[in-house]
Amino acid sequence: MRRSEFSELADHVFGPALARAYTHDLVLEEIGGLSAAEALEHGVAVRAVWTALCEAMDVPESARWEIPAQQRRR
């Protein structure tokens with residue numbers, strides 16, 4: 001998973017404004033008490049950060065990994 005995919009999925013799942021807020025402000029214990037942005041800056045695997053964010057926000061597995069074709073950025 002690339003960081004661009006992380007951003008695109010976060011925007012899709014949470015909406016752009018909340019995605020930015022959650023990524024920068026939410027402390028994720030699962031990845032050492034860092035925010036998603038901090039974890040990515042420290043080199044934590046993008047997939048691990050995405051999974052931790054989804055777990056913290058109770059995003060169902062079925063909603064985590066796919067953006068419908070008509071909603072994808074071009």
Inset, instruction - Output the distance between atom CG (D25) and atom CZ (R20), rounded to the nearest 0.5 Å. - result: 12.0 Å
Inset, instruction - Check whether any side-chain heavy atom of L34 sits under 4.5 Å from a side-chain heavy atom of L28, and report yes or no. - result: no
Inset, instruction - With rounding to the nearest 0.5 Å, note down the distance linking CZ in F6 to CG in L40. - result: 5.5 Å
Legend entry - Nearest atoms (heavy-atom pairs only) where A56 meets L26: CB-CD2, 4.1 Å
Legend entry - Least distance between heavy atoms, V46 atom then R2 atom: CG1-O, 3.7 Å
Inset, instruction - Group every Ile, Leu, Val, Met, Phe, Trp and Tyr by side-chain heavy-atom contacts under 4.5 Å, then state whether M1 and Y22 land in the same group. - result: yes
Inset, instruction - Indicate, with yes or no, if V49 and W65 share a hydrophobic cluster defined by side-chain heavy-atom contacts under 4.5 Å among Ile, Leu, Val, Met, Phe, Trp and Tyr. - result: yes
Inset, instruction - Applying side-chain contact (heavy atoms from CB on, under 4.5 Å) between V59 and each of M57, E55, E61, report the one that passes. - result: M57
Legend entry - Least distance between heavy atoms, D11 atom then A19 atom: OD1-CB, 3.5 Å
Legend entry - Shortest non-hydrogen contact from A39 toward I31: CB-CD1, 3.4 Å
Legend entry - R64 backbone acceptor or donor facing W50 side chain under 3.5 Å: yes
Legend entry - Minimum side-chain heavy-atom gap R3-S7 below 4.5 Å: no
